[in-house]
Colleague: 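Sharing a structure here in C-alpha cells format.
Everything numeric here is computed off the predicted structure, so don't read it as measured data.
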Amino acid sequence: MIITTGFDPIPEIVLRAQSLAERTGTEYAPRGKFSMTKLVEHYRDEEILVVLQEAVRLITPDMPLMEFHPSMGFVRAKRIIRGEVDPMLEAAGMVPGDSVLDCTAGLGGDSLLFAVHGGGNSVVTALESSLPLYALLFEGMSHYISGQKKVNEALRRVHVVHSDHLAYLQAQPDKSVDIVYFDPMFRVPLTNSAAISPLRQFANAAALSPESVAEAVRVARKTVLLKEKALSGEFSRLGFTELLRASAKTSYGVISIDN
C-alpha cells in the first residue's frame, strides 16, 4: 500500500499523509501530477490510500473506491443521542462509562455507537487486522467531520489498533474490559451493498474461533457479544445465547459473565 494526497495539497494534508505512512510502515508517495494509474505503475503497488482535506479514500483495482463514512452508524448514533434504544447496546447491557473492545472493527460503525453511548468516560478500542482498512479507519476516525458535534467527539475517542483480535485478547489481563464485541464477516453476504462489497476483499474471512471466544470470556467483565445472521449455527457452535428480533435478518448473541 502507498499513501498519497490529492493534487496540490495544502501542507497540513501532506503532513497527515506522511504521518499515516510512518504509522503504518508504508510508503508516502508525493502526488505531483500523477494520475492514479501512473502512481500504480510508478510504485508497483495497486493499493492506494488517498488523504484529502475532507475525506480519506482507499482505491484498489477493479473495485469501487472505499471512502470513510459512518454510513448507517451515523443514523443510529443520532438516534442514540436522541435517547432512543439501540438493539446492539441493549444486547450488550452497556451503560455510560463502560469500556468496550470491538474485535472486528471494519469501517468502525459499531465502535462509533459504543463511543457515543459510552460518553467521555468510556474507553472504546477498535481492532482491525487488515492494514489498508486500519489505515482508512484510523485516518477517518481522526479527521472525519459529520456535522454533529457529539458524533465527531465520539469518533475521536475511539482508539484504533492494528492487530489480530486473538493475539490482542491473549495479551490482555483477566476482566480488564467490560464488553467484548465480535462482528465477523458473514460467510454468505446478506446484501451486495456498495459499502460492504469492497470491504470483503480486505476483511478476515475466517470463522470466529472458540479460542477467541474463550479469551474474550476471560477478558470481559460483563458481556461478550456476537453479531451474526439470524438463526445462524454460529451462536450454538460458540456458546452464545441468541436474542432473536422480530423480522430482523441479524441477531445478537450474548455470553453474560458471572462475577
Colleague: As a quick check of understanding, evaluate side chain to side chain contact (heavy atoms under 4.5 Å, CB included) for Glu90 and Leu243, giving each step before the final call.
Modeller: CA-CA 11 Å; Glu90 194 172 42; Leu243 307 178; over 6 Å; no

Colleague: State, with a plain yes or no, whether a side-chain heavy atom of Thr223 is found less than 4.5 Å away from one of Val254.
Modeller: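 Yes, their side chains come closer than 4.5 Å.
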
Colleague: Does CZ in Arg44 sit with more than 12 non-hydrogen atoms of other residues, nucleotides or ligands closer than 6.0 Å?
Modeller: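 Incorrect, the count does not exceed 12.
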
Colleague: Sub-3.5 Å donor-acceptor pair from the side chain of Ser71 to the main-chain atoms of Gly73, do we have one?
Modeller: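 A pair under 3.5 Å: no.
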
Colleague: Using atom types as modelled and distance alone, determine if a side-chain donor or acceptor of Ser146 lies under 3.5 Å from a backbone N or O of Val151.
Modeller: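 Not a single qualifying donor-acceptor pair exists.
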
Colleague: Do Val56 and His143 have side-chain heavy atoms sitting under 4.5 Å apart?
Modeller: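 Not touching, per the 4.5 Å side-chain cut-off.
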
Colleague: If I take atom CG from residue Leu133 and atom CG from residue Leu58, how far apart are they, to the nearest 0.5 angstrom?
Modeller: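 So the CG of Leu133 and the CG of Leu58 are separated by 7.0 Å.
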
Colleague: What verdict does the salt bridge (Lys or Arg N to Asp or Glu O under 4.0 Å) test give for Glu153 and Lys150, after you've listed the backbone C-alpha separation in whole Å, the side-chain angles of each residue and the deciding distance to 0.1 Å?
Modeller: CA-CA 5 Å; Glu153 291 172 347; Lys150 289 186 177 179; over 6 Å; no

Colleague: Between Gln170 and Glu211, does any side-chain donor sit less than 3.5 Å from a side-chain acceptor?
Modeller: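 A pair is found: one side chain offers a donor N or O, the other an acceptor, under 3.5 Å apart.
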
Colleague: Just checking, any donor-acceptor pair under 3.5 angstrom between side chains of Asp164 and Ser129?
Modeller: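 On atom types as modelled, these side chains do not qualify, holding no pair under 3.5 Å.
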
Colleague: Does the side chain of Asp178 pick up a donor-acceptor pair with the side chain of Ser99 at under 3.5 Å?
Modeller: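 Distance-only check passes for Asp178 and Ser99.
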
Colleague: Relative to the ring of Phe68, is the ring of Tyr144 parallel (under 30°), tilted (30 to 60°) or perpendicular (over 60°)?
Modeller: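 Because their plane-to-plane angle is over 60°, the rings of Tyr144 and Phe68 count as perpendicular.
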
Colleague: Can you list the steps and then say if Arg16 with Ser142 is a side chain to side chain donor-acceptor pair (under 3.5 Å)?
Modeller: CA-CA 10 Å; Arg16 274 172 45 187; Ser142 299; over 6 Å; no

Colleague: According to a 4.5 Å side-chain heavy-atom criterion applied to Ile, Leu, Val, Met, Phe, Trp and Tyr, with indirect links allowed, do Ile48 and Leu52 form part of one hydrophobic cluster?
Modeller: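 Cluster IDs for Ile48 and Leu52 match.
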
Colleague: Hey, which of Leu225, Leu208, Leu238 is the one that makes side chain to side chain contact (heavy atoms under 4.5 Å, CB included) with Phe182?
Modeller: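 Of the listed options, the one satisfying the test is Leu208.
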
Colleague: Does the side chain of His159 reach to within under 4.5 Å of the side chain of Val124, using non-hydrogen atoms?
Modeller: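 No, side chains not in contact.
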
Colleague: What heavy-atom pair brings Met141 and Val160 nearest, and what distance separates the two atoms?
Modeller: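 Minimum heavy-atom contact is CG-CG2, 4.0 Å.
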
Colleague: So, for Ala220 and Val180, which heavy atoms are closest and what is the spacing to 0.1 Å?
Modeller: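 Residues Ala220 and Val180, closest heavy atoms: CB-CG2, 3.9 Å.
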
Colleague: Looking only at side-chain N and O atoms, does Arg221 offer a donor or acceptor that is under 3.5 Å from a partner on Ser176?
Modeller: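 No pair is found: no donor N or O on one side chain lies under 3.5 Å from an acceptor on the other.
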
Colleague: Please check if the side chain of Arg57 supplies one atom and the backbone of Met66 the other of a donor-acceptor pair under 3.5 Å.
Modeller: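 Not confirmed, Arg57 side chain does not pair with Met66 backbone.
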
Colleague: Flag the pair Asp86 and Arg79 as a salt bridge only when some basic side-chain nitrogen lies within less than 4.0 angstrom of an acidic carboxylate oxygen.
Modeller: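 Salt bridge flag = no for Arg79 with Asp86.
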
Colleague: Roughly how far apart are Asp110 CG and Met88 CE, rounded to 0.5 Å?
Modeller: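 Answer for the CG-CE pair, Asp110 versus Met88, is 4.5 Å.
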
Colleague: Considering only heavy atoms from C-beta outward, does the side chain of Asn152 approach that of Ile145 to under 4.5 Å?
Modeller: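 When only atoms from C-beta onward are counted, Ile145 and Asn152 do touch, with a gap below 4.5 Å.
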
Colleague: With rounding to the nearest 0.5 angstrom, report the CG to OH distance, Leu49 to Tyr28.
Modeller: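 Leu49 atom CG to Tyr28 atom OH measures 12.5 Å (nearest 0.5 Å).
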
Colleague: Are Phe138 and Ile13 joined in one hydrophobic group, where the rule is that I, L, V, M, F, W and Y side chains link up if heavy atoms are under 4.5 Å apart?
Modeller: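 Yes, because Phe138 and Ile13 connect within a single hydrophobic cluster, where side-chain heavy atoms sit under 4.5 Å apart.
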
Colleague: Please name all residues satisfying side chain to side chain contact (heavy atoms under 4.5 Å, CB included) with Leu244, sequence neighbours left out, ordered by chain then number.
Modeller: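 Side chain to side chain contact (heavy atoms under 4.5 Å, CB included) list for Leu244, sorted by chain: Ala230, Leu231, Glu242, Ser251.
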
Colleague: Mind checking whether Leu136 and Leu107 have side chains closer than 4.5 Å, heavy atoms only?
Modeller: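 In short, these two side chains touch, coming nearer than 4.5 Å.
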
Colleague: What closest approach, in Å, do Gly106 and Glu128 show between heavy atoms, and which atom pair accounts for it?
Modeller: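 It is N-OE1, 2.9 Å.
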
Colleague: Donor-acceptor pair, distance only, cut-off 3.5 Å: does the side chain of His117 make one with the backbone of Leu89?
Modeller: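 Here the side-chain-to-backbone pair does not exist.
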
Colleague: Please check if the number of heavy atoms outside Asn121 that lie under 6.0 Å from its CG is greater than 12.
Modeller: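 Counting neighbours around CG of Asn121, 12 or fewer heavy atoms of other residues, nucleotides or ligands fall under 6.0 Å, so no.
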
Colleague: Would you tell me whether His165 and Thr104 have side-chain atoms, one donor and one acceptor, within less than 3.5 Å of each other?
Modeller: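 Side-chain D/A pair, His165 to Thr104: absent.
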
Colleague: Run the side chain to side chain contact (heavy atoms under 4.5 Å, CB included) check on Val161 and Tyr134 step by step: do they pass?
Modeller: CA-CA 7 Å; Val161 176; Tyr134 162 75; 5.6 Å; no

Colleague: Looking at Thr24 and Leu20, would you say the former's side chain and the latter's main chain have a donor-acceptor pair under 3.5 Å?
Modeller: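 Confirmed, Thr24 side chain pairs with Leu20 backbone.
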
Colleague: Has the side chain of Arg157 got a donor or acceptor atom that lies under 3.5 Å from a matching backbone atom of Ser122?
Modeller: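 No, Arg157 side chain to Ser122 backbone: no donor-acceptor pair under 3.5 Å.
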
Colleague: A side-chain contact here means heavy atoms from C-beta on lying under 4.5 Å apart; do Arg218 and Val224 qualify?
Modeller: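 When only atoms from C-beta onward are counted, Val224 and Arg218 do not touch, as no gap falls below 4.5 Å.
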
Colleague: With a 4.5 Å cut-off on side-chain heavy-atom distances among I, L, V, M, F, W and Y, is there a chain of contacts connecting Leu113 to Ile81?
Modeller: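 Shared cluster, yes.
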
Colleague: Is it possible for you to say whether Val116 and Met72 belong to one hydrophobic cluster, with membership spreading through side-chain heavy-atom contacts below 4.5 Å?
Modeller: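 Per the 4.5 Å side-chain linkage, Val116 and Met72 are not co-clustered.
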
Colleague: Could you go through Tyr168 and Thr125, starting from their C-alpha distance and side-chain angles, then the distance that decides it, and tell me whether this counts as side chain to side chain contact (heavy atoms under 4.5 Å, CB included)?
Modeller: CA-CA 11 Å; Tyr168 189 92; Thr125 302; 3.8 Å; yes

Colleague: What about Leu166 and Ile179, same hydrophobic cluster or not, with Ile/Leu/Val/Met/Phe/Trp/Tyr joined at side-chain heavy-atom distances under 4.5 Å?
Modeller: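 Result: no, two separate clusters.
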
Colleague: Please check if any side-chain donor atom of Ser35 sits under 3.5 Å from a side-chain acceptor atom of Thr37, or the reverse.
Modeller: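 There is no such pair (donor and acceptor under 3.5 Å, judged by atom type) between the side chains of Ser35 and Thr37.
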
Colleague: For Arg23, is the CZ atom crowded, meaning more than 12 foreign heavy atoms sit under 6.0 Å from it?
Modeller: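 Atom CZ in Arg23 is not packed in, count stays at 12 or less.
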
Colleague: With salt bridge (Lys or Arg N to Asp or Glu O under 4.0 Å) as the criterion, how do Asp258 and Lys222 come out once you've worked through the C-alpha distance, each side chain's angles and the decisive distance to 0.1 Å?
Modeller: CA-CA 8 Å; Asp258 296 323; Lys222 292 177 63 173; over 6 Å; no

Colleague: Identify the heavy atoms of Ala17 and Thr5 that sit nearest to each other, and give their distance.
Modeller: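 Looking at all heavy atoms of both residues, the closest pair is CB-CG2, 3.8 Å.
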
Colleague: Ignoring hydrogens and angles, tell me if any N or O in the side chain of Ser236 forms a donor-acceptor pair with the backbone of Gly233 under 3.5 Å.
Modeller: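 Here the side-chain-to-backbone pair exists.
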
Colleague: Can you name the closest pair of heavy atoms from Ile3 and Thr26 and give their distance?
Modeller: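 What the structure gives for the nearest pair is CD1-OG1, 3.4 Å.
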
Colleague: Which heavy atom of Pro9 sits nearest to which heavy atom of Val14, and what is that distance?
Modeller: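 In this case the closest contact between Pro9 and Val14 is CG-CG2, 3.5 Å.
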
Colleague: Do Ile2 and Glu47 make a side-chain contact, defined as non-hydrogen atoms from C-beta onward lying under 4.5 Å apart?
Modeller: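 No; the side chains remain at least 4.5 Å from each other.
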
Colleague: Tell me whether the count of non-hydrogen atoms from other residues, nucleotides or ligands lying under 6.0 Å of CD in Glu54 goes above 12.
Modeller: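 Check fails, neighbour count at 12 or below.
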
Colleague: Can you confirm whether Tyr181 sits close enough to Cys103 that some side-chain heavy atom of one is under 4.5 Å from a side-chain heavy atom of the other?
Modeller: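 Not in contact.
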
Colleague: Determine, stepwise, if the pair Glu228 / Phe240 fulfils side chain to side chain contact (heavy atoms under 4.5 Å, CB included).
Modeller: CA-CA 11 Å; Glu228 255 291 351; Phe240 287 84; over 6 Å; no

